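Comments concern the structure below.
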Amino acid sequence: MVCKLSTRLMNICVASFCKVQQLEKAEAVIVDAIRLGTLPDVVTYNTLVAAYCRFVDLDAGYSVLHRMREADIYPNVVTYNSLIAGASNHCLLSRCLDLFDEMIKMGIPPDVWSYNTLMHCFFRLGKPEEANKVFQDIVTSKLSPCSTTFNTMLNGLCKNGYTANALMLFRSLQRHGFIPQLLTYNILIDGLCKSGWLRAARTILKELGKSGLSPNANTYTTVMKYCFRARQFEEGIEVFHEMKDKGYTYDAFAYCTVSSAFAKTGRLEEAYRCFELMVEKGIELDIVSYNILVNMYCIEGRLEEVYDLLYEIEEAGLKCDQYTHTTLIDGLCRAGNIDGALKHLKYMDTLGFDSNLVAYNCMVDRLCKAGYTNNALKIFETMEVKDCITYTSLVHNLCKERRFLHASKLLQACLNRGMKVRRPTQRVVVKGLHRSGLYSEARMLQSKIRVAKFCTD
DNA sequence: TCTACGAACT
């Protein structure tokens, strides 16, 4: 009995250290406990597996699995779920699936948590069909779906562009007696806003108000972000004050949302003030907050100071990510230092990020805006991956230079690749072709637009 | 002891 109690106490200590990312201290607790005669159990090891997967990497989590085997402790479904989550967070789908095989071979049947995590992994990788298959499996199998199953599904549908399906699923769940949680509302409000379904988002927000639940800091931050994005500043600031009145303390998310919105609209003094408030509150800056500061310096053209800031980021033990580099590249272009931007872009290429697409797009867009369309086209030719934003920047600027035929060819290439192009962009090209007397090209483009519309509808 | 939401770059 005494031993059991001390194992529980040890586990509470280990979990507390793991929670705040102090893995060495957690390990030290275990060493001390063993010295005093208390052996770690499966819960102790599971806590470590989860922490190593979250804060280090999957292999570190896996090495704890080996340690538990050496200690003759058998992993259970929670152990594997932590590993699956680790694989999922690093987008390692094949490792996720291997772990499923491994646990089944070991006689540990996956539970609804395992499947929820797999579903989330498919959604994160942009594979909604596979995620939906997992969802259907959960619903029709003996595993009963839980609220996380539905929340994960709703979130995944929204993030993968299936907003209408998410809304339909939500209504159908409600008809079947599902009581939405605050998290469910937050997921839907953000998802609907992101897809531009502002009216539907407002309806859900109203339903949240009537549900007896109170919005939290997360809800306020989301609503605020979309007010700013829709250029409804006064409304956004109102939400900001309402959040304060309701007694919510602002966290890094709220401060970052507001200061970045101010910066984007040229209200730099207010942006800095907001950022300072965050620092005064003692909120530790993470890489996202630093990136917002980098952007503010770039907007002001304080590029020398940006380099100091990059140094400060590394000094703080953080790592510059693709946003940091992209923001700097954009800032260099904005300041007219195209050579510097190109140099940094090449440097970024060597850093091994998943994608440098946005950085390339910044280069293309800023070159176009500065009137160097041919240089932008040269960069465009070297790009392996392009998206509709790449094409749209070029098309608009070619039109500005009255190079409608070239714009039309690019627009068609874009449509042929199945990318969506905004209506105003299409109209500019068609109108330009007509005005220049290029009627047959205009007809060809219009028919391409119709076919593309038919395919996407 | 394990899963799901909000902040940054065109």
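All values derive from a computational prediction rather than experimental measurement. Computed from heavy atoms alone, side chains included, the values below leave out hydrogens, waters and symmetry copies. Order of the sequence lines sets the chain letters (A, B, ...), proteins ahead of strands, with each chain counted from 1.
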(message) Among B:dT10, B:dC5, B:dT1, which nucleotide has an atom closest to any side-chain atom of A:Asn186?
(response) B:dC5
(request) Select one nucleotide: of B:dG6, B:dT3, B:dT10, the one nearest the side-chain heavy atoms of A:Asp365. (result) B:dT10
(message) Taking any heavy-atom pair under 4.0 Å as a contact, classify A:Asn11: base, sugar-phosphate, or nothing.
(response) nothing
(request) Inspect the contact between A:Arg334 and A:Glu300 and indicate whether a charged nitrogen and a carboxylate oxygen are less than 4.0 angstrom apart. (result) no
(message) Checking contacts here: which listed nucleotide (B:dC2, B:dG6, B:dT3) is nearest the side-chain heavy atoms of A:Asn81?
(response) B:dC2
(message) Please classify the nucleic acid contact of A:Asn216 as base, sugar-phosphate, or nothing, using heavy-atom distances under 4.0 Å.
(response) nothing
(message) I'd like to know whether NE2 of A:His176 has more than 12 heavy-atom contacts from other residues, nucleotides or ligands below 6.0 angstrom.
(response) no
(request) Could you tell me whether the phosphate oxygens of B:dC5, OP1 or OP2, come under 4.0 Å of any side-chain nitrogen or oxygen in A:Asn155? (result) yes
(request) Could you give me the CA-CA distance, side-chain angles and deciding distance for A:Thr324 and A:Tyr290, then say whether side-chain contact (heavy atoms from CB on, under 4.5 Å) is met? (result) CA-CA 8 Å; A:Thr324 328; A:Tyr290 271 113; over 6 Å; no
(request) Establish, with yes or no, whether the OP1 or OP2 oxygen of B:dT10 is under 4.0 angstrom from a side-chain nitrogen or oxygen of A:His396. (result) no
(message) From the set B:dA8, B:dT1, B:dG6, return the single nucleotide nearest to any side-chain atom of A:Val288.
(response) B:dA8
(message) Between B:dT3 and A:Trp113, is there a base-stacking contact, meaning the centre of the base's six-membered ring lies under 5.5 Å from the residue's ring centre while the planes stay under 30° apart?
(response) yes
(message) Using a 4.0 Å heavy-atom cut-off, does A:Thr221 contact any base of the nucleic acid, only the sugar-phosphate backbone, or nothing at all?
(response) base
(request) Would you classify A:Lys159 as touching base, sugar-phosphate or nothing, given that sugar-phosphate means primed atoms plus P, OP1 and OP2, and contacts are heavy atoms under 4.0 Å? (result) sugar-phosphate
(request) Measure from the side chain of A:Asn89, starting at C-beta and using heavy atoms only, and say which of B:dT10, B:dA4, B:dG6 lies closest. (result) B:dA4
(request) When you get a sec, tell me which of B:dA4, B:dT10, B:dC9 is the closest nucleotide to the side chain of A:Asn295? (result) B:dC9
(request) With A:Arg267 as the cation and A:Phe233 as the aromatic partner, state whether NZ or CZ is under 6.0 Å from the six-membered ring centre and within 45° of the axis. (result) yes
(message) Just to be sure I understand the rule, does A:Leu183 reach a base, reach only the sugar-phosphate, or reach nothing, if contact means heavy atoms closer than 4.0 Å?
(response) base
(message) What's the closest nucleotide to the side chain of A:Lys264 if the choices are B:dT3, B:dC5, B:dA8?
(response) B:dA8
(request) Please work out if A:Ala217 contacts a base, only the sugar-phosphate, or nothing of the nucleic acid, heavy-atom cut-off 4.0 Å. (result) base
(request) Among B:dT1, B:dA4, B:dT10, find the nucleotide with the atom closest to the side chain of A:Val43. (result) B:dT1
(message) Using a 4.0 Å heavy-atom cut-off, does A:Asn116 contact any base of the nucleic acid, only the sugar-phosphate backbone, or nothing at all?
(response) base
(message) With a cut-off of less than 4.0 Å, is there a side-chain N or O of A:Arg54 near OP1 or OP2 of B:dT3?
(response) yes
(request) Can you figure out which of B:dT10, B:dG6, B:dC9 approaches the side chain of A:Ile389 most closely? (result) B:dT10
(message) Within the 4.0 Å heavy-atom criterion, would you say A:Thr326 contacts the bases, only the backbone, or no part of the nucleic acid?
(response) base
(message) Quick check with a 6.0 Å cut-off and a 45 degree axis cone: is A:Arg302 positioned over the face of A:Tyr297's six-membered ring?
(response) yes
(request) Check every strand shown and say whether A:Thr222 touches a base, only sugar-phosphate, or nothing at a heavy-atom separation below 4.0 Å. (result) sugar-phosphate
(request) Taking only the side-chain heavy atoms of A:Ala85 (C-beta and beyond), determine which of B:dT1, B:dC5, B:dT3 contains the nearest atom. (result) B:dT3
(request) Quickly, which of A:Phe122, A:Phe100, A:Phe135 forms a ring pair (Phe, Tyr, Trp, His ring centres under 6.0 Å) with A:Tyr115? Name it, please. (result) A:Phe100
